[in-house]
Asks: 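My questions will all concern the structure given below.
Lettering of chains follows the sequences in order, A, B, ..., and the numbering in each one begins at 1.
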Number of protein chains: 2
Amino acid sequence: MIKRTKGVTISQVADAAGVARSSVSRAFTRPDMLSPETVTRIMKAAEALGYVPNHTARALSTGRHGNVGLIVPDIANPFFPPLIQAAQLEADRSDFCIFLGNTEENPTQEDKLVGRFAGQVEGLVLASSRLSDERIRAHANLLPLVLINRDIDGIPRVLIDSGSGVREAVEHLARLGHRRIVYVSGPSNSWSNKQRRTAIKAAASKLDIVVETVPAVLASYNSGRNAVSAILATGATAAVAFDDLTAQGVLAGLSEKRVSVPGDFSLIGCDDVLGAVTYPALTSVSNRSTEAGRVAVSLLLDMLQSRAIRDVRYVLETHLVVRNTTAAAR
Amino acid sequence: MIKRTKGVTISQVADAAGVARSSVSRAFTRPDMLSPETVTRIMKAAEALGYVPNHTARALSTGRHGNVGLIVPDIANPFFPPLIQAAQLEADRSDFCIFLGNTEENPTQEDKLVGRFAGQVEGLVLASSRLSDERIRAHANLLPLVLINRDIDGIPRVLIDSGSGVREAVEHLARLGHRRIVYVSGPSNSWSNKQRRTAIKAAASKLDIVVETVPAVLASYNSGRNAVSAILATGATAAVAFDDLTAQGVLAGLSEKRVSVPGDFSLIGCDDVLGAVTYPALTSVSNRSTEAGRVAVSLLLDMLQSRAIRDVRYVLETHLVVRNTTAAAR
DNA sequence: GACTTCCATGCAACCGGTTGCATGTCAAGT
DNA sequence: ACTTGACATGCAACCGGTTGCATGGAAGTC
């Protein structure tokens, strides 16, 4: 049988130390209110009994549980783990714990999780939320909320601007002498995809470069691989892919067709999730997901402390990370 | 200013419905004890007021918070996200929430997290714990614990037996004619590392193959890359790396030294986290991390429900997934 | 020496639920 | 018609802390 750890309570410590319960409580929360000797005596008794304050009881009376929630659409998407990690680290610095929720890209599940978390966290970070603006607003009325990659007036938000990095990518290719490039697009209903395609077209037209779009349908390795024939058919000498996974597929497809990268063809990914761990190292647009996670939690903790809500709109610019899949045009 | 959401309490609902607090409580927890009409009336009142039971208060009196903790050494390691995802899904099926902890591979941090979680979760899953057996045993005395990839008698554990897959890897290499191979080892305090090294040595000696060990210190791309000189110095024609990240680093290092894979050298990873998305596709040992996450949480919830601790040792076998980084020895 | 001031500590109410037991009611049993 | 029991509901204690206010004693003031 499980040993039911009957926790040591504040009363037991109080008895052992010969003081009132309130004094024990103060010894832990505001020792300056007590005489040093009393504190010492209480601490000794607590130590001897192995007393640990009950988090739940404390939360009940103070209303502060020292937890924040983080909800993401898909943990398995490599974009999120660094974000989660950074959020965790930032929370930890203030002795907060993280509740993690994964919605499987499902708004209903997301709503359910928010509700379930609401009672036990002081605030919430929603990353790439799939909820409607109205639902988000409704939640924001109930507890402090910070958004990542959702732009809603009046709710503090952290936005990753992939446009800036994509622009740099095009400029980089232009400098290398490429005049005709391909954008291997991602899911047509993706906001990021639109953002990236728009940025590429704008940058290219300014530099007098021709851009063609080849759809990859899904953001995946196989889609990228299947797109290779179409890419080569355009006669382009370089490509920017919707994300790193797609780029990696393109890389594989090119290799099978004996097109060497970067010798014969230059390739750039997006999100920089694989760049540093694959070979050849992929030139990619940074994602800043680490900063996003850190900043979002930091913003949230600020709100909790100041009890004030500011209309923050924190934009993170992205940049091109040049590695080994881009070179001068043949 | 933040709207301090003064939660609707059970008393308010009781007043509105003209019943005692206890009846409201029962309407939510054991409606069968009340007459159907009363339940309806209470529910209506609750609905009208927007009442939501206070999770913390409930936890305080029942001792059940409906949370379980999951602690992993490194979220950013692609081995863990699928595990976390599966754990989350399983917890969700029983309406439990997941507390996520990331230890950064640091035992001190792990200890700290366990302590911090202890007060607010009913049980804990420790994945690939870096703690000593003693510390783990100590924690297991305080609350229900399930381990993943740690084999300690008396504590329920889910083990991914990479031994079976590694054995297949060695046999595969033997069939291809390799007689001298290298094991690129991972963190020395990792249980998986020991398991893999042991399995390789056993399989190799049975097949009359020479194995040398080259340490990579950390499970990372850079460690793998730095290990390449040492690997080549052994004169081996093939290597098995502690994990896919390390393997990918080795791949990059080999490529820089103009050693072609699989032409001149065969390489096998472990955990199969990158195999399908990189080029060349990495031959690797499957990981089963999804099952591990699911089973661990399911085991934990069982323990919580039955209040009994069984000495479960759940082993998941792995297999070799042959892709394109292995070929006949020169 | 009497009077204020201040500080350390205790008392008791409170946070928002749950639950064992007591009570009242109504229908069935004899 | 009276007992018995089942059932619905209320009462009050409890979970383990926190905190505003009261109290008593020591130190400071005149």
Asks: Touch check for Thr29(A), heavy atoms < 4.0 angstrom, all strands: base, sugar-phosphate only, or nothing?
Replies: sugar-phosphate
Asks: Test side chain to side chain contact (heavy atoms under 4.5 Å, CB included) on Ser190(B) and Arg130(B) and set out the steps.
Replies: CA-CA 7 Å; Ser190(B) 150; Arg130(B) 302 314 197 218; 4.2 Å; yes
Asks: Using the salt bridge (Lys or Arg N to Asp or Glu O under 4.0 Å) definition, which of the options Asp161(A), Asp153(A), Asp151(A) pairs with Arg313(A)?
Replies: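 Among Asp161(A), Asp153(A), Asp151(A), the one meeting salt bridge (Lys or Arg N to Asp or Glu O under 4.0 Å) with Arg313(A) is Asp151(A).
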Asks: How many Å lie between CG on Asn54(B) and C1' on dG16(C), as a whole number?
Replies: 6 Å
Asks: With a 4.5 Å heavy-atom cut-off, do Arg310(B) and Pro156(B) have their side chains touching?
Replies: no
Asks: Using atom CG of Asp15(B) as one end and atom C1' of dG16(C) as the other, report the distance to the nearest whole Å.
Replies: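 After rounding, the gap between these two atoms is 14 Å.
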Asks: Specify the separation, in whole Å, of atom CG of Leu49(B) and atom P of dG16(C).
Replies: 14 Å
Asks: According to a strict under-4.0 Å criterion, is Ser25(B) in side-chain N/O contact with OP1 or OP2 of dG17(C)?
Replies: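 No, no such contact exists.
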Asks: For the pair made of CZ in Arg30(B) and P in dT9(D), what is the distance, rounded to whole Å?
Replies: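 Rounding to the nearest Å, CZ of Arg30(B) and P of dT9(D) are 14 Å apart.
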Asks: Need one value for Phe28(B): base, sugar-phosphate or nothing, where a base atom within 4.0 Å counts as base even if backbone is also close, heavy atoms only.
Replies: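 Phe28(B): no heavy atom of the nucleic acid under 4.0 Å.
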Asks: Round to a whole Å and report the spacing from CZ of Arg64(B) to P of dC15(D).
Replies: 18 Å
Asks: According to salt bridge (charged side-chain N to carboxylate O under 4.0 Å, His left out), who are the partners of Arg116(A), at least two apart in sequence or on a separate chain?
Replies: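 So Arg116(A) forms a salt bridge (charged side-chain N to carboxylate O under 4.0 Å, His left out) with Asp92(B), Asp95(B).
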Asks: To the nearest Å, give me how far apart CD (Gln120(B)) and C1' (dG17(D)) are.
Replies: 15 Å
Asks: Between protein and nucleotides 5-13 of chain C, map the contacts as a letter string: B base, S sugar-phosphate only, - none, heavy atoms under 4.0 Å, written 5' to 3'.
Replies: ---SBBB-B
Asks: Among Val158(B), Thr290(B), Asn287(B), Leu159(B), whose side chain to side chain contact (heavy atoms under 4.5 Å, CB included) with Leu316(B) holds?
Replies: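 Considering Val158(B), Thr290(B), Asn287(B), Leu159(B), a side chain to side chain contact (heavy atoms under 4.5 Å, CB included) with Leu316(B) is found only for Val158(B).
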Asks: How large an angle, rounded to 10°, do the end axes of the helix from dG1(C)-dC30(D) to dT30(C)-dA1(D) enclose when each is built from five base pairs?
Replies: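 Between the axes fitted at each end of the helix from dG1(C)-dC30(D) to dT30(C)-dA1(D) lies an angle of 50°.
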